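Side chains included, hydrogens not; waters and symmetry mates left out as well; all remaining heavy atoms used. What you see is a predicted model; the values in this text were computed from it and never measured.
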Amino acid sequence: MVPNRVLSGMRPTGAMHLGHYHGALKNWVRLQHEHECFFFVADWHALTTHYEERDVMGRYVYEMVVDWIAAGLDPARCTIFLQSRLPEHAELFTLLAMGTPLGWLERVPTYKDQIDKLKGRDLATYGFLGYPLLQAADILIYKATYVPVGEDQSSHVELTREVARRFNNLYGRSRDFDARVAAALAKLAKDDQRYFEKQRKAFGETGADEALAKAEGVLRKAAASVSGWTADDTELLAGHFKGSGQSILAEPQALHTEVLRLPGTDGTKMSKSYGNAILMREAPAELTKKLRAMATDPARVRRTDPGTPEKCPVWQLHKVYSAEATRDWVVKGCTTAGIGCLECKQPVIDAMLAEQQPWRERAQPYLDQPQRLRDIVDDGCARARVVAQETMRDVRDAMGLNYT
Ligand code: TRP
Ligand code: SF4
């Protein structure tokens, strides 16, 4: 049995901002202490929407990896690698593509959403439609148990599960599976055979637990009373019942953590493309300047106007950065116009500067010697390759591609 394995990826977008940290990286750092973890730079994924931007990719990759390490990812505890260095992902993607119904991809909700959102780009491409399947290959090739992603990606993990199930159904049976099932069925009394097959049909159509329980009853009875019945027969018929064969690809689970939507300086969601982001390693003077200029409750036009914290993006930051006593001070001061907005922002500024200090220190050696980052990624790619190649051997075998 494979231990619990965590896998996640991020498109290379350069220096990370606080939204990345609190929305994903912080969680990755925690997970590396609990499970075997693989984290990768999804550079091919970036190309599914930005296929013409060949100048930025290389720079963005390492700018991002520095911040992964600054955040606390430890290359001794987790495997950090680069998707495009592992052509095995492309091989699995190709093989899975053969049997994946087009409708499954067309129905992924992010497909139409993104086409609407990224109107300026021509996304009527094969790569863009297929990208959730590429993501499925990324996940399945490591037989990942858990996939930490934002809610927006849950449909991709769901697709991954369906793809794995279909693969196991199509290829997870040995060639004589049907004959062995027939032989096991023949050992049952005629009535039990009919009853078992009837429940199997019901289960296939409705997935009803009741049908499963009835079928299990038949198998238990057979184990107790049919002479020559073996544990193998029970397992064969259980597999036959569920329509599954042997599991070659594992169905992963999405791991959604509490969603912290960090507002940017204009009050909308923090995002590099909106120009409202605060970087993880922002120059202290710049950080202070950005925070002091940050949007507040529009009702506080003058210092003497009271405000409502819930209508203020700075309050969202206090929820992440401030202890209860400070938060009480904010609520009281804001609603009574007892404090000014600059005064209110100062504890957030101080907390952010303190938070960023160790990030800066951890990043520095890699900024001084960029080769060290390359070494970490090289090493991670080598470790990932061992697992990916092993899965591909199983997959090729199962699909009948093991001839020479
Ligand atoms: N599609 C993800 C995103 O755009 C990135 C990604 C690619 C990913 N492959 C993955 C995430 C595998 C988790 C697992 O954010
Ligand atoms: Fe926002 Fe604080 Fe100003 Fe109130 S006092 S509006 S919470 S910045």
If you measure from the Lys or Arg side-chain nitrogens to the Asp or Glu carboxylate oxygens, is any gap between R121 and E52 under 4.0 Å?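 Counted as a salt bridge, because a side-chain N and a carboxylate O are separated by less than 4.0 Å.
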
How would you list, by chain and number, every residue that makes a side chain to side chain donor-acceptor pair (under 3.5 Å) with E286, sequence neighbours excluded?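 For E286 there are no side chain to side chain donor-acceptor pair (under 3.5 Å) partners, ignoring immediate neighbours.
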
Can you name the side chain to side chain donor-acceptor pair (under 3.5 Å) partners of D394, sequence neighbours left out?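 Checked D394 against side chain to side chain donor-acceptor pair (under 3.5 Å); matches are K143.
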
Check the pair E91 / R396 against side chain to side chain contact (heavy atoms under 4.5 Å, CB included), numbers first and verdict last. CA-CA 10 Å; E91 184 183 358; R396 286 187 216 110; 2.8 Å; yes

Would you say that [X] contacts [Y] through its side chain, given a criterion of any heavy-atom pair below 4.5 Å between the two side chains?
X    : Y    : value
D378 : R85  : yes
E343 : R303 : yes
E162 : R166 : no
C341 : R300 : yes
L7   : F39  : no
T79  : F40  : no
L255 : N27  : no
T335 : T308 : no

Could you work out, with side chain to side chain contact (heavy atoms under 4.5 Å, CB included) as the rule, every residue matching [X], not counting sequence neighbours?
X    : answer
Q371 : R374, D375
F93  : L133, L134, A137
K201 : E205
Q153 : Y131, Q135, V149, H156

Using the ring centroid of each side chain, check whether [X] and [Y] are separated by less than 6.0 Å.
X    : Y    : answer
F196 : F241 : yes
Y142 : F81  : yes
F128 : H45  : no

Residues in ring pair (Phe, Tyr, Trp, His ring centres under 6.0 Å) contact with [X], at least two apart in sequence or another chain:
X    : result
Y60  : none
Y62  : none
Y366 : none

Run the side chain to side chain contact (heavy atoms under 4.5 Å, CB included) check on L82 and D43 step by step: do they pass? CA-CA 7 Å; L82 185 53; D43 53 348; 3.5 Å; yes

Nearest 0.5 Å please: distance from the [atom1] atom of [X] over to the [atom2] atom of [Y].
X    : Y    : atom1 : atom2 : result
L25  : L31  : CG    : CG    : 11.5 Å
L237 : K187 : CG    : NZ    : 9.5 Å
L95  : L140 : CG    : CG    : 12.0 Å
W44  : Q83  : CH2   : CD    : 5.5 Å
K242 : N168 : NZ    : CG    : 13.0 Å
I139 : S8   : CD1   : OG    : 8.0 Å

Say whether [X] and [Y], considering side chains only, have a donor N or O and an acceptor N or O under 3.5 Å apart.
X    : Y    : value
H35  : R5   : no
R11  : T49  : yes
E197 : Q193 : no

Would you tabulate the side-chain donor-acceptor contacts of residues 311-327 under 3.5 Å, counting partners in other chains and residues two or more places apart, or write 'none'?
unit_1, atom_1, unit_2, atom_2, d
W315, NE1, E310, OE2, 3.3
H318, ND1, S322, OG, 2.7
H318, NE2, C344, O, 2.9
K319, NZ, E310, OE2, 3.4
Y321, OH, H22, NE2, 2.9
Y321, OH, E355, OE1, 2.6
R327, NH1, S322, O, 2.9

Would the number of heavy atoms belonging to other residues, nucleotides or ligands and lying under 6.0 Å from CZ of R30 be above 12?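 Counting neighbours around CZ of R30, more than 12 heavy atoms of other residues, nucleotides or ligands fall under 6.0 Å, so yes.
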
Does E158 CD have over 12 foreign heavy atoms under 6.0 Å away?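 Counting neighbours around CD of E158, more than 12 heavy atoms of other residues, nucleotides or ligands fall under 6.0 Å, so yes.
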
Let me check something: any side-chain donor-acceptor pairs from residues 275-285 under 3.5 Å, sequence neighbours excluded? List them with distances.
unit_1, atom_1, unit_2, atom_2, d
N276, OD1, S271, N, 2.9
N276, ND2, D266, OD1, 2.8
N276, ND2, T268, O, 3.3
N276, ND2, T268, OG1, 3.2
N276, ND2, K269, O, 3.1
R281, NE, D67, OD1, 2.6
R281, NH2, D67, OD1, 3.1
E282, OE1, L279, N, 2.8
E282, OE1, K290, NZ, 3.0

Yes or no on side-chain hydrogen bond (donor to acceptor under 3.5 Å, both in side chains) for T234 and R220, after CA distance, side-chain angles and deciding distance? CA-CA 8 Å; T234 299; R220 262 197 308 276; over 6 Å; no

Contacts of R165 that satisfy salt bridge (charged side-chain N to carboxylate O under 4.0 Å, His left out) - sequence neighbours left out: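 E251.
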
Classify the ring geometry between W28 and W68 as parallel (under 30°), tilted (30 to 60°) or perpendicular (over 60°).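 W28 vs W68 ring planes: perpendicular.
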
Would M399 and L170 count as a side chain to side chain contact (heavy atoms under 4.5 Å, CB included) if you check the C-alpha gap in whole Å, the side-chain angles of each, and the deciding distance to 0.1 Å? CA-CA 9 Å; M399 292 184 75; L170 289 174; over 6 Å; no

Could you check whether any side-chain N or O of D233 sits under 3.5 Å from a backbone N or O of W229, counting only pairs where one atom can act as donor and the other as acceptor?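 No; judged by distance alone, with no hydrogens or angles, the pair does not exist.
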
So, does Q32 use its side chain to make a donor-acceptor pair with the main chain of R77 at under 3.5 Å?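 No.
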
For G19 against M270, the heavy-atom pair lying closest together: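 That would be N-SD, 3.5 Å.
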
Go through D113 and K117 one step at a time and tell me if the salt bridge (charged side-chain N to carboxylate O under 4.0 Å, His left out) criterion holds. CA-CA 6 Å; D113 285 3; K117 234 198 222 147; over 6 Å; no

Qualifying residue for side chain to side chain contact (heavy atoms under 4.5 Å, CB included) with L249, from T391, I141, V163: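 Answer to the side chain to side chain contact (heavy atoms under 4.5 Å, CB included) test with L249 among T391, I141, V163: T391.
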
Chi angles and distances behind the side chain to side chain contact (heavy atoms under 4.5 Å, CB included) call for M352, L291: CA-CA 10 Å; M352 281 186 180; L291 260 289; 4.0 Å; yes

